[in-house]
Amino acid sequence: MKRFLVLLVAISVLLVSTGAVFAQRVDVGIVLPTKDEPRWLQDVARFEEVISKTPYRVEVLFSQGSSAAEKTNVETLIARGAKVIIICAHDAAAAAAAVEMAKLEGVTVISYDRLITGTDAVDYYVTFDSISVGEAMGQYLVDNVTGKGHPLYLYAGALTDNNSFLFFQGAWNILQPKIADGTFVIKNSAQAEAVKDIKELSRDQLAAIIGEVTTDWDMNVAKSKAEAHLTAKTAADKGQVYILAPNDGTSRSIADVFAADPDVTKYFITGQDAEKASVQYIIDGKQSMTVFKDTRVLAADAMNMAIEILEGKTPQTDTTYFNQAIEVPSKQSPVLVVTKDNVKEALIDSGYYDAGEFTGI
Ligand code: BGC
């Protein structure tokens, strides 16, 4: 009995000490920021479709809005032998440490959708054209305005996300001349008001505005900010209003707040991601537009790039993005504006969603 116990302990020690050997090995690791936002669930579903068709071993891990969990995920994937890591960072700057660790282990790093900043440890970036996302939002608001003096409420994404800068910069490219000429009057951002005559904003100027009107990509933050803004304003600041909302989740919560204010007679509001709930809002006339970013394309692009790297080829890129340290070779995809007019064609007829997922389409 004693001998048996000694043997059992010896085997357990051996199993624990060689645990890594038994963990499933992977070729490509994918790290996504959170499961709690429909945007990233769209991506994971599309990744799963692509993964089912590749002979390579792929593992998807979620960081649940934590840079520490993200770093652990990267460590796990390195330990499992990943040669390529596709990572969408929770926090652009904080993720630099995680990818630097991966690079030291010889892993090729692909920044996915969100660019990791301040490091040379990013090999490639696969993204949508995020400046054009913001421009599409700005253009939608401009296309729906006539006359002067219309109230404009600005909202932005998280300050820790490089995309928030690109989206705002794109929107500002289009909105700024119409703010400067008095078509729109900014109602909720002293920082934006202070630079309204400047077309090209510096990163610091953008950061000051984003910091002031950030939603943190959080529907609850967006809701309380919108409520605070409307509470601070009088009926004269309302009426027919224009709202730059940075994505669909925040757009729905901001739209609900504006819709509930009796002094708001009509509102135009932007969004992006074509989340199912926002598609229904668009059908119902509660959200004006969304910018559709076809995650089928992005997931396939990232995975094809990873496979090329595994096979020793050099991936094709079509542009570069500056990440505050280096120009990162990038592959960029176009986006599509979706309104009530083309929602069926863009999202149902294209096979992205089923008509049965919506009512009144
Ligand atoms: C993505 C958006 C998304 C947002 C919040 C951004 O980096 O590009 O599609 O809505 O993060 O998750």
Side-chain angles (χ1 to χ4, degrees), residues 30-47 62-67 70 86-95 110-117 122 125-137 155-171 206 210 213-223 225 244-255 269-279 281 287 289-299 301-302 321 323 328 330-338 347 352:
I30 300 174
V31 184
L32 294 175
T34 176
K35 269 186 201 169
D36 299 337
E37 284 173 35
R39 161 67 215 267
W40 308 112
L41 294 180
Q42 288 186 50
D43 293 71
V44 83
R46 303 313 178 182
F47 267 121
F62 288 92
S63 309
Q64 295 309 102
S66 153
S67 295
E70 186 172 77
I86 297 170
I87 173 168
C88 182
H90 163 61
D91 175 319
I110 303 176
S111 237
Y112 180 80
D113 193 281
R114 297 178 175 173
L115 185 57
I116 294 171
T117 54
V122 181
Y125 181 34
V126 175
T127 184
F128 294 104
D129 182 346
S130 296
I131 295 271
S132 82
V133 170
E135 287 179 342
M137 293 175 175
Y155 296 92
L159 198 51
T160 51
D161 181 355
N162 188 60
N163 283 344
S164 303
F165 288 77
L166 302 174
F167 301 145
F168 200 90
Q169 189 186 333
L206 285 167
I210 295 168
V213 297
T214 184
T215 59
D216 266 333
W217 292 135
D218 181 322
M219 294 176 75
N220 295 319
V221 173
K223 179 173 186 276
K225 260 200 177 156
L244 177 74
N247 76 347
D248 282 352
T250 58
S251 181
R252 294 193 303 279
S253 30
I254 296 168
I269 189 164
T270 62
Q272 68 167 308
D273 294 338
E275 286 183 7
K276 281 182 202 166
S278 279
V279 173
Y281 260 49
Q287 184 178 323
M289 62 89 84
T290 187
V291 181
F292 173 42
K293 310 201 299 190
D294 192 334
T295 52
R296 292 173 297 197
V297 174
L298 209 64
D301 279 354
Y321 272 76
N323 79 339
V328 182
S330 306
K331 178 144 182 32
Q332 179 174 275
S333 294
V335 298
L336 180 71
V337 173
V338 173
L347 298 174
Y352 198 76

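Just so it is clear, the values below take in all heavy atoms, side chains as well, and ignore hydrogens, waters and symmetry mates. In listed order, ligands and their atoms are each counted from 1.
- Salt-bridge check for D248 with R252: failed, with every basic side-chain N at 4.0 Å or more from each acidic carboxylate O.
- Taking every non-hydrogen atom of K293 and a distance limit under 4.0 Å, the qualifying atoms of ligand 1 come out as 1 (C), 2 (C), 8 (O), 9 (O).
- For ligand 1, the atoms sitting less than 4.0 Å from at least one non-hydrogen atom of W40 are 1 (C), 11 (O), 12 (O), numbered in the order shown with element in parentheses.
- Residue Y112 does not touch ligand 1, judged by heavy-atom distances below 4.0 Å.
- In this structure, F128 has no heavy atom closer than 4.0 Å to ligand 1.
- Residues S132 and D129 come closest through the heavy atom pair OG-O, 2.8 Å.
- Proximity of a side-chain donor or acceptor of E70 to a complementary backbone N or O of H90 within less than 3.5 Å is detected.
- Looking at atom 1 (C) of ligand 1, its nearest protein heavy atom turns out to be D113 OD1, 3.4 Å.
- Per-residue contacts place F167 under 4.0 angstrom from the following atoms of ligand 1 (heavy atoms of the residue considered): 8 (O).
- Of the possible donor and acceptor atoms, one in the side chain of D161 sits under 3.5 Å from a partner among the backbone N and O of N163.
- Closest to atom 5 (C) of ligand 1 among all protein heavy atoms lies E37 OE1, 3.2 Å.
- Scanning the protein heavy atoms around atom 9 (O) of ligand 1, the nearest turns out to be D273 OD1, 2.6 Å.
- Interface of R39 with ligand 1, defined as ligand atoms under 4.0 Å from a residue heavy atom, comprises 1 (C), 2 (C), 8 (O), 9 (O).
- Using the six-membered ring where Trp is involved, F47 and Y112 have ring planes that are tilted, between 30° and 60° apart.
- From D113, atom CG reaches atom CG of L298 across 6.0 Å, with rounding to the nearest 0.5 Å.
- Counting only non-hydrogen atoms, the option in D161, L166, D248, N247 that gets closest to atom 6 (C) of ligand 1 is D161.
- Ranking protein heavy atoms by distance to atom 11 (O) of ligand 1, first place goes to R114 NH2, 2.9 Å.
- Using modelled atom types, one finds a donor on one side chain and an acceptor on the other under 3.5 Å when comparing T295 with Y352.
- Under the 3.5 Å distance criterion, the side-chain polar atoms of T250 are left unmatched by any main-chain donor or acceptor of M219.
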